[in-house]
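So that the names make sense, note that chain A is the first sequence line, chain B the second, and so on, each numbered from 1.
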Protein chains: 4
Amino acid sequence: MGEMHGDKYEAILNAAYTVFGTKGFYESKISEIAEQAGVAKGTVYLYFKSKEQLFIAVTRRDCEQYLAEMQDALVNRTLGEGLLRMASLHLHYYYKRKQHTKLFFMTPNSDPDLIEFMRGFIQDYTDLVKNKLASEGVLQPEFHAKAFIGMMERLKMDILLNQDFRECDVDQTAALAANLFMHGCEAGVQKS
Amino acid sequence: MGEMHGDKYEAILNAAYTVFGTKGFYESKISEIAEQAGVAKGTVYLYFKSKEQLFIAVTRRDCEQYLAEMQDALVNRTLGEGLLRMASLHLHYYYKRKQHTKLFFMTPNSDPDLIEFMRGFIQDYTDLVKNKLASEGVLQPEFHAKAFIGMMERLKMDILLNQDFRECDVDQTAALAANLFMHGCEAGVQKS
Amino acid sequence: MGEMHGDKYEAILNAAYTVFGTKGFYESKISEIAEQAGVAKGTVYLYFKSKEQLFIAVTRRDCEQYLAEMQDALVNRTLGEGLLRMASLHLHYYYKRKQHTKLFFMTPNSDPDLIEFMRGFIQDYTDLVKNKLASEGVLQPEFHAKAFIGMMERLKMDILLNQDFRECDVDQTAALAANLFMHGCEAGVQKS
Amino acid sequence: MGEMHGDKYEAILNAAYTVFGTKGFYESKISEIAEQAGVAKGTVYLYFKSKEQLFIAVTRRDCEQYLAEMQDALVNRTLGEGLLRMASLHLHYYYKRKQHTKLFFMTPNSDPDLIEFMRGFIQDYTDLVKNKLASEGVLQPEFHAKAFIGMMERLKMDILLNQDFRECDVDQTAALAANLFMHGCEAGVQKS
DNA sequence: AATGAATGAGAGTTCATTCAT
DNA sequence: TATGAATGAACTCTCATTCAT
């Protein structure tokens, strides 16, 4: 529903997702994306105004999908269950995208549209978590939301960079993270 | 101590720090760095083999300074004090570098030297925290170290991106973070 | 027939032939060749991978044309007639190329493709003459082939460098050369 | 006798001879020559006005030495002996310089001084041979001189390019060449 | 809508040469 | 005389973007 796009639009977006994700924005070439999509170079410009706009479209699609999944994860759950579910989702989401690491690091610099969009996404993500925390009575919900997301981001990095990380490790890490966030590290101090 | 380099070496490194930090690797031009440093373009290549190597040199200097400060922060402190001090240092460090944001995001992709160095830096930083946690009896110290650093990274982002953030807010955030990490978010749940 | 190349391909090749021939490889600029060909700089790189490859293409075209003409010159002729015809062709060929001297002297150094090609060309040329000599019963045909070609090369130099050399002198020189090669210089010693 | 030059002058000239000879003019760097000579880059410019002038000085020294040896080879000899001696000298001279091939091929293009000098050298060399031929009664001595030199040049190429060529092959080739030049190739036609 | 040949601004890098010491 | 740090002009090559077909 909404916009009518042809097959080529999807093909280009998918190809861009792969190429940008593999090489990052600056090292990706439009010609390679076009080839990967099975269209001519000029065709890319029929659907996207510029390389930057194509990057933004890729990013937007990915982020929106991400937020939608997160939203679902929070309905009808206790704080502990919600955090666990979010942690799990966060890590699994990126685990599936191991091959697209660069999409999250190597982004173009100067484009104001993208900066604006990313700011918005981060805000939306933070708000999602913040509202959940607030509704469960956690004080300083914004601060706690940011801290939670940050924790997950760093743990995600491990998954992206560490080739030995297996899918079953993901859930274990998620559980540890949710627990830490709930009870702090002292819960894990050895009695001496 | 240290290598003997002339004034120009320092000038170029400082200029590169500023320019790379402001625009990121790909959008920075050697000619601009040279101009900023007050030397000719060719002079840059007397001191650094390539744009990539210059970037690495800038990054290395910054990271080493960072680790040195962190190391000092941990000696002779309890777990709580150490975490608080680290949180504070982490945030203050980047607060001072508000203008050099891009140095931490926009890095060249393909250079193996840089990838290797960054991996090493992250490892060293993690180990620093991990060892402190382990010596205080925290279980799963590696996991907790990563989570702590992640938390700080995300909070740092706020500082970098939010122009309204004042220096006094930094300490407050650091305190909240250390406390959260020690006792979990439930410590802040309102009685209802 | 052969490969299908557009007009631009030919135009660039012709321009490169002129510019390389006039200034030599190292003193020629791609920008000048492009301008001479009436195309943009970038267009050159659509058809040729590098300056070296462009040079090789120019050289190859010229050498192949040369060998083809030589081959024709040898069919159904006696030794004396064949040598005379070859000498004539050799000298006329370069006489027509007076303006492209540098193509034969100033070649890039390091390119292995070119070195290989030139070795092959010299070999082919030598074999052509050698086979003719052998079929006419001349002993040591390879040595004699090299000597003959060398003689012609030096005489060619005269033509290239001496601006006063007229076309009619060419035939005279060719006849002298063929005769010398057949009978030696003593045939021309004055009785005393 | 004549000019007073220090040790450094000689050292630079020798280094330039080696480097130019190995890599050709355009691929040689002044810095490498200076290093090879054991002096600083700037010192080269105390003795030679430019890279071109240094190349000319190297070439001149080599050519003068060559002509001097040739001159000696011709005194008090018959035509046949003289030609044989010259052929032998020509080939041996370059055999000894196998490692300096590039000096004879890759020369700078545009320098008028060098062009003038080379023209002069070729003239002197030709005259040397021409006078010998004339004094022995050979008709058209200039033409014959050029043909002889050309023959030798081509045979020299073989020596320079063919790594398997042994020193003893040199004399054999020289004898064949002198004989061919004296009596023509028909002297070697098989009776049938 | 689709193509892909053509463009040309712009980047990194080299290296002969200079000149203050 | 000797140095070598500094210069900056000049080059090759890339690639996002356009537009005639």
Side-chain angles (χ1 to χ4, degrees), chain A residues 6-9 12 25-35 37-54 108, chain B residues 5-9 11-12 26-35 37-54, chain C residues 5-9 12 26-35 37-54, chain D residues 6-9 12 25-35 37-55 108:
Chain A
D7 289 350
K8 305 237 162 138
Y9 180 89
I12 293 166
F25 179 77
Y26 290 100
E27 306 272 350
S28 297
K29 294 166 211 165
I30 289 287
S31 61
E32 192 184 350
I33 292 171
E35 193 184 19
V39 302
K41 232 186 320 172
T43 307
V44 173
Y45 286 86
L46 290 180
Y47 293 95
F48 302 93
K49 225 186 106 198
S50 67
K51 192 185 178 187
E52 275 84 4
Q53 290 300 316
L54 175 55
Chain B
H5 289 304
D7 290 350
K8 299 263 160 91
Y9 180 89
I12 293 166
Y26 290 100
E27 305 274 350
S28 298
K29 291 153 215 163
I30 290 287
S31 60
E32 193 183 349
I33 292 172
E35 194 183 16
V39 302
K41 220 173 356 150
T43 307
V44 174
Y45 287 88
L46 284 181
Y47 293 96
F48 303 94
K49 231 185 100 191
S50 67
K51 192 184 176 188
E52 273 84 5
Q53 290 301 315
L54 175 55
Chain C
H5 290 304
D7 290 350
K8 300 261 160 91
Y9 180 88
I12 293 166
Y26 290 100
E27 305 275 348
S28 297
K29 291 152 213 164
I30 289 287
S31 59
E32 192 184 350
I33 292 172
E35 194 183 15
V39 302
K41 227 184 336 165
T43 307
V44 174
Y45 288 89
L46 284 182
Y47 294 96
F48 302 93
K49 235 185 96 191
S50 67
K51 192 185 176 187
E52 273 85 5
Q53 290 299 317
L54 175 54
Chain D
D7 287 350
K8 305 236 162 139
Y9 180 89
I12 294 166
F25 179 77
Y26 291 99
E27 307 271 350
S28 297
K29 295 166 210 162
I30 289 288
S31 60
E32 193 183 350
I33 292 172
E35 192 184 18
V39 303
K41 231 186 323 170
T43 307
V44 173
Y45 286 86
L46 290 178
Y47 293 94
F48 301 94
K49 222 186 108 199
S50 68
K51 193 185 177 188
E52 275 83 5
Q53 290 300 317
L54 174 55
F55 187 88

*Asks:* Determine, for nucleotides 7-14 of chain F in 5'-to-3' order, which nucleotides have protein heavy atoms under 4.0 Å from the base (write B), from only the sugar-phosphate (write S), or from neither (write -).
*Replies:* BB-BSSBB
*Asks:* Indicate whether OP1 or OP2 belonging to F:dT1 is found under 4.0 Å from a side-chain N or O atom of D:Tyr47.
*Replies:*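 Indeed not, no polar side-chain atom of D:Tyr47 lies that close.
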*Asks:* Find the distance B:Leu54:CG to E:dA11:P and express it as a whole number of Å.
*Replies:* 16 Å
*Asks:* Using side-chain hydrogen bond (donor to acceptor under 3.5 Å, both in side chains) as the criterion, list what pairs up with A:Gln53, not counting sequence neighbours.
*Replies:*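 By the side-chain hydrogen bond (donor to acceptor under 3.5 Å, both in side chains) rule, A:Gln53 matches A:Asp113.
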*Asks:* Where does DNA chain F pair, written as one dot-bracket string 5' to 3', with Watson-Crick or G-U pairs under 3.5 Å, ( ) inside the strand, [ ] for crossing pairs and | for another strand?
*Replies:* .||||||||||||||||||||
*Asks:* Name all residues meeting the side-chain contact (heavy atoms from CB on, under 4.5 Å) criterion together with B:Ala11; count only those two or more places apart in sequence or in a different chain, and write none if there are none.
*Replies:*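 If we apply the side-chain contact (heavy atoms from CB on, under 4.5 Å) test to B:Ala11, skipping adjacent residues, the hits are B:Ala37.
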*Asks:* Could you give the CZ-to-C1' distance, from A:Phe48 to F:dA16, as a whole number of Å?
*Replies:*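 The answer, rounded to whole Å, is 16 Å.
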*Asks:* Could you state the OH-C1' distance from C:Tyr9 to E:dG4, rounded to the nearest angstrom?
*Replies:* 19 Å
*Asks:* Let me know the distance between CZ of D:Phe55 and P of E:dA16, rounded to the nearest Å.
*Replies:* 14 Å
*Asks:* Give me the atom names and distance for the closest heavy-atom approach of B:Lys51 to B:Tyr26.
*Replies:*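 For B:Lys51 versus B:Tyr26, the nearest heavy atoms are NZ-O, 4.0 Å.
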*Asks:* Listed by chain and number, what are the ring-ring contact (aromatic ring centres under 6.0 Å, His included) partners of C:Tyr45, not counting sequence neighbours?
*Replies:* none
*Asks:* How many whole angstroms separate atom CD of A:Glu27 from atom P of E:dA11?
*Replies:*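 After rounding, the gap between these two atoms is 16 Å.
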*Asks:* Looking at C:Thr43 and C:Ile12, what are the two nearest heavy atoms and their distance?
*Replies:* O-CD1, 4.1 Å
*Asks:* Return the value, rounded to whole Å, for the distance between atom CD of D:Glu35 and atom P of E:dA16.
*Replies:* 14 Å
*Asks:* Between atom CD1 in D:Ile12 and atom P in F:dT1, what is the gap in whole Å?
*Replies:* 12 Å
*Asks:* Roughly how far, to the nearest 0.5 Å, is CD of B:Glu27 from NZ of B:Lys29?
*Replies:* 7.5 Å
*Asks:* Parallel, tilted or perpendicular: which one describes the rings of C:Tyr9 and C:Phe48, with boundaries at 30° and 60°?
*Replies:*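 The arrangement is parallel - the two ring planes meet at less than 30°.
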*Asks:* Apply side-chain contact (heavy atoms from CB on, under 4.5 Å) to A:Leu46 and A:Val39, showing your working.
*Replies:* CA-CA 11 Å; A:Leu46 290 180; A:Val39 302; over 6 Å; no
*Asks:* Just how far is it from atom CD of C:Glu32 to atom CD1 of C:Ile30, taken to the nearest 0.5 Å?
*Replies:*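 That separation rounds to 10.5 Å.
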*Asks:* What's the CD-C1' distance between A:Gln53 and F:dA16, to the nearest Å?
*Replies:*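 Those two atoms, CD and C1', are 14 Å apart.
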